[in-house]
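No experiment lies behind these values; they were computed from the predicted model shown. Hydrogens, waters and symmetry mates play no part in the numbers below; they use all other heavy atoms, side chains included.
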Amino acid sequence: MSRFKLAEFFCGPGGMGYGAGLSKTKNSSIEHAWATDYHEDSCNTYKRNIKTKSIFCEKIENFFKRVDKKEISLPEFDCFAYGFPCNDFSNVGEHLGFKGKFGPLYSYGVELINRYHPKWFVAENVGGISSSNEGKAFKKIINDLEKAGKGYNLTAHKYKFEEYGIPQARHRIIIVGIKKELNLIFKVPKPNYKIITAKEALSNIPKNAYNNELTKNSKQVIERLKYIKPGKSAFNSEIPKHLQLNVKGARISQIYKRLDPDKPSYTVTGSGGGGTHVYHWKENRALTNRERARLQTFPDTFIFEGSKESVRRQIGMAVPVKGAKIIFESILKTFERIEYPSLNKNVY
């Protein structure tokens, strides 16, 4: 069996990495070579759940400095994945793009590709990246990745993961690059999967499951939730004046929004204040981290390290495990020249 050796940047708790490890065809699979992330709890979660030779827990800038000084000996790898930080490309916030603190971090992935020429790579970011800086940021990223190393055939697509059997409306741009000299082009797998509802995803969670602690909601929050119907939020519900939110300007549709039990969840996020924790359709409470992890298709055996808020951050920033597995298995099939249901063109 052929085994690709995977390296990761910005690996987080391991949504992409865990999905890669599950990916197999008859003749090939993926094993983990090494990974990096600067967030200590994420590194500990990754190490606990994913078998890898090395994980370097430090800022990417420092990682490269130590590589250049030969203080780090990287285990051999021939493929690469990175979900470069999306804060400055998100639809929520200031849309800073390359002008922000996190926008330029994609270039470290380009540098790694230039140095080591992996056979293929996967780059992931939020759907909003395609419109950041009037679309100029996305064009530059595509151009840089296409020209990296000895050149790559790129396939970029905005995946709507709810169409791939993930119980969450999570839209992400995934770029797959394969060395041009290999004469292979990745095709976007066709979204012909059964829709999984929030109710289906959150059923039968063991009471003693890890990371399943309840969040303490204030009396005011509990009273407010009583007036919000499934699928509705604090801004489109009839709520008594003393329980209404005193917010001027924008009305964020996901504030104190209950899940609709008959539809996939709305997007699970890793940060945010009151009202952003995702709320149960029936019980007057926020979801537990294990419930959020279910919406991200992490198995119940996957244990997150750190405080409850740190775990929430890790889950919200991860790639859905099942979505990653679908993409990685399609890459393996591409290399084996195995046909699979696919789309005819890229859709950004």
Side-chain angles (χ1 to χ4, degrees), residues 12-15 17-19 21-22 39 41-51 161-162 165-170 194-233 254 256-325:
Y18 197 84
L22 296 175
H39 186 250
D41 289 340
S42 294
C43 293
N44 290 334
T45 296
Y46 194 101
K47 284 188 284 189
R48 178 164 188 161
N49 295 279
I50 297 174
K51 185 179 180 181
F161 281 121
E162 68 272 25
I166 285 81
Q168 180 190 172
R170 194 176 190 87
K194 177 183 179 292
I195 296 295
I196 306 297
T197 67
K199 187 175 183 179
E200 289 174 304
L202 302 186
S203 64
N204 302 318
I205 295 178
K207 290 183 179 180
N208 61 346
Y210 281 91
N211 308 119
N212 201 35
E213 304 87 358
L214 290 170
T215 296
K216 292 181 180 180
N217 295 293
S218 68
K219 287 184 178 180
Q220 186 180 46
V221 168
I222 293 170
E223 286 300 311
R224 182 179 293 126
L225 288 171
K226 290 178 181 178
Y227 292 92
I228 301 174
K229 295 179 179 180
K232 298 293 184 179
S233 74
Q254 294 186 6
Y256 291 108
K257 185 175 181 179
R258 285 190 184 269
L259 295 175
D260 185 327
D262 299 320
K263 295 180 180 179
S265 166
Y266 55 92
T267 304
V268 175
T269 59
S271 61
T276 63
H277 288 67
V278 187
Y279 294 83
H280 199 276
W281 61 88
K282 184 177 181 181
E283 300 174 24
N284 297 317
R285 63 173 180 84
L287 296 190
T288 67
N289 279 324
R290 178 50 55 192
E291 288 170 325
R292 295 187 190 96
R294 279 277 189 100
L295 297 176
Q296 286 278 57
T297 60
F298 283 97
D300 292 346
T301 53
F302 193 102
I303 299 171
F304 295 85
E305 298 282 357
S307 67
K308 189 166 64 174
E309 195 57 32
S310 174
V311 171
R312 181 197 170 202
R313 174 193 185 276
Q314 294 173 57
I315 294 169
M317 297 186 74
V319 176
V321 171
K322 184 175 179 179
K325 180 176 182 288

Residues Glu291, Arg294: salt bridge by 4.0 Å N-O rule:
no

Could you tell me which non-hydrogen atom of Lys322 sits nearest to which non-hydrogen atom of Thr297, and how far apart they are?
N-OG1, 2.9 Å

Treating Asn211 as the side-chain partner and Phe304 as the backbone partner, does any N or O pair qualify as donor plus acceptor under 3.5 Å?
yes

Look up atom CG in Leu214 and atom OG1 in Thr288, then write down how far apart they are to the nearest 0.5 Å.
7.0 Å

Separation between CD (Glu305) and OH (Tyr210), nearest 0.5 Å, reads 9.5 Å

Spacing of NE2 belonging to His280 relative to NZ belonging to Lys199, to within rounding of 0.5 Å
9.5 Å

Does Arg170 reach the main-chain N or O of Ser265 with its side chain, forming a donor-acceptor pair under 3.5 Å?
no

For Ala318, does its backbone N or O pair with a side-chain atom of Gln296 as donor and acceptor, under 3.5 Å?
yes

Looking at Lys308, I want to see if its NZ is surrounded by more than 12 non-hydrogen atoms of other residues, nucleotides or ligands under 6.0 Å.
yes

Which residue, Met317, Arg312, Arg313, forms the side-chain contact (heavy atoms from CB on, under 4.5 Å) with Thr269?
Arg312

Which class fits the ring pair Tyr256 and Tyr279: parallel under 30°, tilted 30 to 60°, perpendicular over 60°?
tilted

If I compare all heavy atoms of Tyr46 with all of Gly14, which pair ends up nearest, and what's the gap?
CD1-CA, 3.6 Å

Value rounded to 0.5 Å, distance of CG in Leu295 from CD in Glu162:
12.5 Å

Does Lys194, at its NZ atom, have more than 12 non-hydrogen atoms belonging to other residues, nucleotides or ligands within less than 6.0 Å?
yes

Determine the minimum heavy-atom distance between Lys207 and Asn212, stating which atoms define it.
O-ND2, 4.2 Å

Atom CG of Leu259 and atom CD of Glu283: how far apart are they, to the nearest 0.5 Å?
11.5 Å

Thr276 (side chain) donor-acceptor with Gly272 (main chain) under 3.5 angstrom:
yes

Could you tell me which non-hydrogen atom of Pro230 sits nearest to which non-hydrogen atom of Trp281, and how far apart they are?
CG-O, 3.6 Å

